[in-house]
Amino acid sequence: MSQIGIPKGTRDFGPEVMVRRNYIFSIIRKCFERYGYLPLETPSMENLSTLTGKYGEEGDQLIFKVLNNGDYLKDADDAALSQRDARKLSFSICDRALRYDLTVPFARFVVMNKNGLVLPFKRYQIQPVWRADRPQKGRYREFYQCDADVVGSDSLVNEVELIQIFDDVLTELGLSNFSIKINNRKLLTGLAALIGASERMMDMTIAIDKLDKVGLEGVEKELLDKGFNASQLEIIRKVLSIEGGISEKLETMEALLSSVDVAKKGLEELKYIFSRVEKVGVKKAKVELDLTLARGLNYYTGAIFEVKVNDVQMGSICGGGRYDDLTGIFGWPGMSGVGISFGADRIYDVMNELKLFPEELGATTKVLFTNFGENEELFILPLLRKVREAGIAAEIYPSAVKLGKQFKYADDKKIPWVATIGESEMANNTIALKDLKSGQQEVLTIDQLITKLSSN
RNA sequence: GUGGUCGUAGCUCAGCUGGUAGAGCCCCGGUUUGUGGUUCCGGUUGUCGUGGGUUCGAGCCCCAUCGAUCACCCCA
């Protein structure tokens with residue numbers, strides 16, 4: 001047994017997987033560009049201080065830290081070292097960390113470049129992120145996020161368009177049974193205020209976020225454990241029991257929460273978003289108002305989104321929301337932003353499970369020229385150049401092995417055409433072109449071959 | 001961080017109540033040497049994850065360890 005391997009939660013992507021991944025990425029990228037977003041890349045590493053405190057306590061612990069170079073113990077925290085307090089110690093021996101998401105590095109970029117940006121600034125970013133989580137189904141330690149964010153605009157038109165992007169991309173990828181769940185953090189803030197537990201809003205939201213998993217009773221139990229009292233539970237239960245369509249839910253919430261200004265604002269925002277989405281229409285998405293949606297990331301303040309595929313056992317494949325003051329932490333307050341993120345790896349897993357990848361993605365090389373020897377090689381090389389210049393992916397088998405082996409290579413690599421040139425073809429200036437799928441073979445000139453393969 | 005399941009040829013796995021390892025696929029060669037995928041014949045492959053223990057004897061039982069996987073927490 002060999003001992004080589006790769007770190008837990010990471011993966012190699014072989015050619016056939018990469019072809020499919022690129023298919024996903026290209027559809028997402030094209031859609032982002034159709035909506036006016038521009039590309040951005042940031043470094044894999046950020047300063048540790050840039051990342052800490054943005055993802056909640058739980059999130060901070062999942063940040064991969066990078067050990068300093070050189071004599072990194074020189075500045076180590078002596079107290080932490082002697083107490084073997086690894087967490088505390090890490091801050092004195094790690095100045096950098098791998099990025100945990102794309103939104104925070106984006107906010108950092110915006111602040112650093114505030115003088116040169118055209119506002120509102122719309123960017124997209126497709127890069128890997130790292131989380132020191134324990135891997136399981138659909139959860140990796142290195143995975144790709146595909147983000148689109150806009151900062152410098154309060155307009156809810158952005159929210160509406162981002163919902164359209166979810167719908168456009170996932171529909172184009174062939175998904176049909178998925179739900180875009182929408183909520184607004186302001187409602188949760190308002191609810192917490194109403195029951196007099198503003199400072200414990202996170203505890204509350206984390207508990208009610210589990211409604212579909214543990215049921216109403218489970219949620220109430222968790223809330224009780226966390227010290228909420230009966231009258232508080234009463235109100236929360238009312239909210240969680242709200243049923244019906246989007247407008248009914250909104251009306252009921254209004255009746256419950258209209259005394260709280262924040263909540264009122266949140267309800268107005270939601271109404272606006274839903275009415276516009278309805279007006280513009282969706283392709284395949286089911287747009288839902290999910291009052292239990294909370295989302296763990298600390299920085300969200302307004303609308304929040306999550307996308308789930310309904311017929312596959314898998315966590316959410318996309319997320320997003322509005323954050324009013326993410327740039328404020330880096331010294332530029334008042335810049336509201338909103339963004340979404342596609343989890344490419346989960347989308348890949350879902351599409352794989354549902355067999356949604358098109359068949360023909362595998363074929364890259366279109367035609368293989370067989371190799372009989374040096375004379376033929378000399379004859380073929382110029383032809384090959386001509387074929388490639390016509391935009392046709394072509395290759396020559398690099399050595400003159402048995403013909404059967406060369407055909408098998410084409411077959412294994414799913415190359416659809418094989419061009420054979422031997423003595424008689426050279427004499428007549430022709431090519432024997434075989435269609436591996438049908439088994440048919442015909443004799444063509446080079447120009448006929450190019451015409452044929454260009455139109456296929 | 002907590003818990004469950006599983007580690008046998010390159011891959012997927014079998015191996016009965018403990019008696020010194022198998023199948024299919026893949027790969028390689030052949031089927032008279034310019035035609036793959038289909039048929040037929042032949043061949044290679046393993047310190048049974050690692051370390052220890054029980055036993056006359058362990059792939060199988062016990063302990064430890066590492067790895068994979070699933071669930072919880074949280075999240076894409």
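Chain naming here is simple, since letters A, B, ... match the order of the sequence lines and numbering starts at 1 in each. Heavy atoms only: backbone and side chains are in, while hydrogens, waters and symmetry mates are out.
- Checking B:G3 for Watson-Crick or G-U wobble geometry (two distances, each under 3.5 Å) identifies B:C70 as its partner.
- Listed candidates were B:U35, B:C74, B:C70. Nearest to the side chain of A:Asp133 is B:C74.
- Under the 4.5 Å side-chain criterion, counting only non-hydrogen atoms from C-beta, A:Glu395 is in contact with A:Tyr409.
- Nearest nucleotide to the A:Phe407 side chain, out of B:C73, B:G36, B:G3: B:G36.
- The side-chain tip of A:Lys65 points at the ring of A:Phe91 from less than 6.0 angstrom away and within 45° of straight on.
- Interface remark: the A:Gln441 side chain does not form any donor-acceptor pair with the B:G34 base, using a distance-only criterion of under 3.5 Å.
- Annotation: B:A64 and B:G15 have their C1' atoms spaced 26 Å apart (nearest Å).
- Summarising the geometry, atom CZ belonging to A:Arg185 is positioned 5.0 Å from atom CE belonging to A:Met201; distances are rounded to the nearest 0.5 Å.
- Computed from coordinates, the A:Phe379 CZ to B:G34 P distance equals 20 Å when rounded to whole Å.
- B:C11 and B:G46 are spaced 14 Å apart, taking the C1' atom of each and rounding to whole Å.
- For the residue pair A:Asn177/A:Lys286, the side-chain donor-acceptor check at 3.5 Å is satisfied.
- The aromatic ring of A:Phe143 sits over the base of B:A76, with ring centres less than 5.5 Å apart and planes tilted by under 30°.
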Go through the steps to decide whether A:Asn352 and A:Arg20 satisfy the test side chain to side chain donor-acceptor pair (under 3.5 Å), and finish with yes or no.
-> CA-CA 9 Å; A:Asn352 217 20; A:Arg20 293 176 160 201; 2.9 Å; yes

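- Between A:Ile347 atom CD1 and B:C75 atom P the separation is 19 Å, expressed in whole Å.
- A distance below 6.0 Å separates the ring centres of A:Tyr299 and A:Tyr323.
- No hydrogens or angles were tested; on distance alone, a donor-acceptor pair under 3.5 Å links the side chain of A:Asp411 to the base of B:G36.
- In this structure, the CD atom of A:Glu377 is 16 Å from the C1' atom of B:G34, given to the nearest Å.
- Contact annotation for A:Gly315: no contact, since no heavy-atom pair falls under 4.0 Å across all strands.
- When each of B:A76, B:G30, B:U35 is scored by its nearest atom to the side-chain atoms of A:Lys402, the top-ranked nucleotide is B:G30.
- Judged by distance alone, the side chains of A:Ser179 and A:Asn310 do bring a donor and an acceptor atom under 3.5 Å apart.
- Comparing the same atom, C1', in B:G43 and in B:C25 gives a spacing of 16 Å after rounding to whole Å.
- When each of A:Glu423 and A:Tyr140 is assigned the nucleotide of RNA chain B with its nearest heavy atom, A:Glu423 is the one assigned upstream, toward the 5' end.
- Between A:Lys8 and B:A68 there is a side-chain N or O to OP1 or OP2 distance below 4.0 Å.
- No hydrogens or angles were tested; on distance alone, a donor-acceptor pair under 3.5 Å links the side chain of A:Ser424 to the base of B:G34.
- For A:Arg346, taking side-chain heavy atoms from C-beta onward, the closest of the listed nucleotides B:G3, B:G34, B:A76 is B:A76.
- Within 4.0 Å of A:Gly138, counting heavy atoms only, lies at least one base atom of the nucleic acid.
- Contact annotation for A:Glu142: no contact, since no heavy-atom pair falls under 4.0 Å across all strands.
- Pairing for B:A64 goes to B:U50, judged as Watson-Crick or G-U wobble with the two contacts each under 3.5 Å.
- Atom CD1 in A:Ile63 sits roughly 14 Å away from atom P in B:C75 (whole-Å rounding).
- Across all strands shown, A:Lys434 has heavy atoms under 4.0 Å from base atoms, whether or not it also approaches the sugar-phosphate.
- Below the 3.5 angstrom threshold, one finds a donor paired with an acceptor across the side chain of A:Arg134 and the base of B:U2.
- Within 4.0 Å of A:Leu436, counting heavy atoms only, lies at least one base atom of the nucleic acid.
- Among the nucleotides B:C75, B:G1, B:C74, the one closest to the side chain of A:Ile206 is B:C74.
- Across all strands shown, A:Lys210 has heavy atoms under 4.0 Å from sugar-phosphate atoms exclusively, and none from any base.
- Distances shorter than 4.0 Å separate none of the side-chain N or O atoms of A:Gln136 from OP1 or OP2 on B:U69.
- The partner of B:C75 is absent, by the rule that a Watson-Crick or G-U pair needs both atom distances under 3.5 Å.
- Checked by atom type, the side-chain pair A:Arg134/A:Gln136 shows no donor-acceptor distance below 3.5 Å.
- Summarising the geometry, the separation between NZ on A:Lys137 and C1' on B:C72 is reported as 16 Å, rounded to the nearest angstrom.
- Figure legend. B:G42 is base-paired to B:C28; pairs are counted as Watson-Crick or G-U wobble with both atom distances under 3.5 Å.
- Of the C1' atoms belonging to B:C48 and B:C72, the separation is 33 Å, rounded to the nearest Å.
- A donor-acceptor pair shorter than 3.5 Å cannot be found between the side chains of A:Ser92 and A:Asp77.
- Summarising the geometry, the separation between CG on A:Asp345 and P on B:C75 is reported as 18 Å, rounded to the nearest angstrom.
- Taking atom NZ on A:Lys408 and atom P on B:G34, their separation rounds to 19 Å, with Å as the unit.
- Separation of the P atoms belonging to B:U32 and B:U17 is 49 Å when rounded to the nearest angstrom.
- No hydrogens or angles were tested; on distance alone, a donor-acceptor pair under 3.5 Å links the side chain of A:Arg139 to the base of B:C74.
- Annotation: B:C28 and B:G52 have their C1' atoms spaced 41 Å apart (nearest Å).
- Taking atom C1' in both B:U12 and B:A68, the straight-line distance is 16 Å, to the nearest Å.
- With both ends at atom P, the span from B:G10 to B:A71 equals 29 Å, rounded to whole Å.
- Side chain of A:Thr420, nearest nucleotide from B:C74, B:G34, B:C28: B:G34.
- Rounding to whole angstrom units, CG of residue A:Asp412 and C1' of B:U38 are separated by 15 Å.
- Of the residues near RNA chain B, A:Pro135 and A:Asp209, the one whose nearest nucleotide (by heavy atom distance) lies more toward the 5' end is A:Pro135.
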